Amino acid sequence: MSLRCELDPETTPELLDSVCALWTDVSNAGGAVGFVPPVVKDDIRPELIQHLAAMTEGRTRLLVGRDGDGALAATAFFTFNTHRLMRHWCWLYTVMVHPSHQGKGYGRALMAAAEDAARDMDGIRGIRLTCRGGTGADLFYERCGYKEVGRVPGAIKVTDDNFRDDVTMWLPLN
């Protein structure tokens with residue numbers, strides 16, 4: 001089955017509940033998406049509401065990926081810079097593929113859709129993202145065309161004795 005991606009889907013209560021469930025499942029499977037397991041939907045919901053508020057204000061856009069049955073399988077959020085010298089690139093946040101779809105090529109399909117979407121955004125010439133070191137995500141993003149452009153050792157505190165690098169990746173679109 002292939003992943004069907006859509007930018008700016010209608011934000012229905014059902015979609016938001018699906019995003020919250022996806023985020024919870026990815027977090028509990030050890031995905032580096034801002035939380036440390038175990039989490040429940042109520043832990044995720046406040047962060048999702050912040051994303052939704054930014055979407056309403058036009059500062060963030062949602063890209064979703066659906067599996068062959070139409071179920072939400074992946075997401076990524078674009079966030080735009082407000083500083084006048086940095087409006088030519090955007091951030092890509094909370095890139096997630098449901099654990100049950102790992103290894104099916106959905107991650108690459110989501111990243112290709114994100115690149116295509118960004119190329120169609122007026123004035124956007126690059127995508128920047130960060131990832132947690134030690135997870136292999138940086139290697140995945142490299143295979144998708146991104147280049148590591150920065151690393152802050154130990155900047156992410158996962159637990160009291162587990163610190164990870166904060167890795168910055170860049171994809172030029174020109």
Side-chain angles (χ1 to χ4, degrees), residues 3-83 86 89-102 104 106-118 120-121 124 127-133 135-138 140-141 144 146 155-159 162 164 166-169 171:
L3 189 71
R4 183 176 33 91
C5 293
E6 177 186 5
L7 183 64
D8 302 324
E10 182 182 356
T11 53
T12 64
E14 294 79 20
L15 176 68
L16 296 176
D17 191 53
S18 294
V19 172
C20 194
L22 171 66
W23 204 338
T24 302
D25 291 347
V26 168
S27 296
N28 284 328
V33 288
F35 294 90
V36 176
V39 295
V40 295
K41 284 183 181 181
D42 286 341
D43 297 324
I44 304 290
R45 193 167 278 109
E47 189 73 21
L48 179 57
I49 289 169
Q50 287 181 7
H51 279 57
L52 181 60
M55 288 166 54
T56 302
E57 296 168 359
R59 296 181 292 117
T60 296
R61 294 176 76 178
L62 172 61
L63 177 67
V64 299
R66 297 185 182 280
D67 65 17
D69 296 326
L72 185 72
T75 63
F77 290 88
F78 291 96
T79 300
F80 302 100
N81 294 298
T82 57
H83 193 284
M86 296 183 189
W89 59 270
C90 62
W91 287 96
L92 195 61
Y93 285 113
T94 322
V95 177
M96 302 184 283
V97 173
H98 194 275
S100 67
H101 293 298
Q102 296 292 322
K104 297 180 182 179
Y106 283 17
R108 280 189 179 263
L110 180 67
M111 295 306 292
E115 181 179 344
D116 289 345
D120 288 341
M121 294 176 190
I124 298 297
I127 303 172
R128 186 171 168 180
L129 60 80
T130 61
C131 60
R132 185 183 301 171
T135 64
D138 52 339
F140 166 75
Y141 292 125
C144 293
Y146 287 72
I156 300 170
K157 183 178 178 182
V158 179
T159 62
N162 184 350
R164 302 292 179 90
D166 184 17
V167 181
T168 301
M169 310 290 293
L171 179 70

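Remember, predicted model here, so these are calculated numbers, not experimental data.
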**Q** Find out whether Asn81 and Arg128 are in side-chain contact, i.e. whether some heavy atom of one side chain is under 4.5 Å from a heavy atom of the other.
**A**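 Not in contact.
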**Q** Relative to the ring of Trp89, is the ring of Trp91 parallel (under 30°), tilted (30 to 60°) or perpendicular (over 60°)?
**A**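 Judged by the thresholds at 30° and 60°, the geometry between Trp91 and Trp89 is perpendicular.
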**Q** Go through the steps for His51 and Val19 under the test side chain to side chain contact (heavy atoms under 4.5 Å, CB included), then give the verdict.
**A** CA-CA 11 Å; His51 279 57; Val19 172; over 6 Å; no
**Q** Rounded to the nearest 0.5 Å, how far does OG of Ser100 lie from CG of Asp67?
**A** 8.0 Å
**Q** Determine, stepwise, if the pair Arg59 / Phe80 fulfils side chain to side chain contact (heavy atoms under 4.5 Å, CB included).
**A** CA-CA 6 Å; Arg59 296 181 292 117; Phe80 302 100; 5.6 Å; no
**Q** What's the shortest heavy-atom distance between Leu110 and Ala76, and which atoms?
**A**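 Heavy atoms of Leu110 and Ala76 come nearest at CD2-CB, 4.4 Å.
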**Q** Measuring from atom OG1 of Thr75 to atom CZ of Arg66, what distance do you get when rounded to the nearest 0.5 angstrom?
**A**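 It comes to 11.0 Å.
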**Q** Does the side chain of Leu15 come within less than 4.5 Å of Leu62's, by heavy atoms?
**A**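 Yes, close enough: below the 4.5 Å cut-off.
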**Q** Can you name the nearest heavy-atom pair linking Val26 to Pro99, along with the distance?
**A** CG2-CD, 3.9 Å
**Q** Inspect the surroundings of CD in Glu57 and state if more than 12 heavy atoms from other residues, nucleotides or ligands are less than 6.0 Å away.
**A** yes
**Q** To the nearest 0.5 Å, what is the distance between CG on Asn28 and CD1 on Ile44?
**A**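 It is 7.5 Å, given to the nearest 0.5 Å.
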**Q** What heavy-atom pair brings Cys5 and Ala109 nearest, and what distance separates the two atoms?
**A**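 Of all heavy-atom pairs spanning Cys5 and Ala109, the closest is SG-O, 4.3 Å.
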**Q** Quick one: NZ on Lys41 to CG on Leu22, what's the gap to the nearest 0.5 Å?
**A** 11.0 Å
**Q** One pair to check against side chain to side chain contact (heavy atoms under 4.5 Å, CB included): Val95 and Tyr141. What are the steps and the verdict?
**A** CA-CA 11 Å; Val95 177; Tyr141 292 125; 3.5 Å; yes
**Q** So which atom in Leu3 and which in Gly65 form the shortest heavy-atom distance, rounded to 0.1 Å?
**A**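 Looking at all heavy atoms of both residues, the shortest contact is CD1-C, 3.5 Å.
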**Q** Please say which of Leu92, Ile127, Thr130, Leu129 ends up in a side chain to side chain contact (heavy atoms under 4.5 Å, CB included) with Met169.
**A**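 That would be Leu129.
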**Q** Which atom names give the shortest non-hydrogen contact between Leu171 and Cys144, and what distance separates them?
**A**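 So the minimum-distance heavy-atom pair works out to CD1-O, 4.4 Å.
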**Q** Ignoring hydrogens and angles, tell me if any N or O in the side chain of Asp43 forms a donor-acceptor pair with the backbone of Val40 under 3.5 Å.
**A** yes
**Q** Check whether any side-chain heavy atom of Arg132 lies under 4.5 Å from a side-chain heavy atom of Val158, and answer yes or no.
**A** yes
**Q** To the nearest 0.5 Å, how far apart are CG in Asp8 and CE in Met55?
**A**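 Rounded to the nearest 0.5 Å, the CG-CE separation comes out at 7.0 Å.
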**Q** Is the Trp23 ring parallel, tilted or perpendicular to the Phe77 ring (thresholds 30°, 60°)?
**A**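 Answer is tilted, since the angle falls between 30° and 60°.
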**Q** Please assess Arg45 against Asp17 for the test side chain to side chain contact (heavy atoms under 4.5 Å, CB included), listing each intermediate value before the final yes or no.
**A** CA-CA 9 Å; Arg45 193 167 278 109; Asp17 191 53; 3.9 Å; yes
**Q** Does Asp166 use its side chain to pair, donor to acceptor, with the backbone of Ala155 at less than 3.5 Å?
**A**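 No; judged by distance alone, with no hydrogens or angles, the pair does not exist.
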**Q** Quick check: do Cys90 and Thr79 have side-chain heavy atoms less than 4.5 Å from each other?
**A** no
**Q** To the nearest 0.5 angstrom, please state how far the CZ atom of Phe78 sits from the CG atom of Leu7.
**A** 6.5 Å
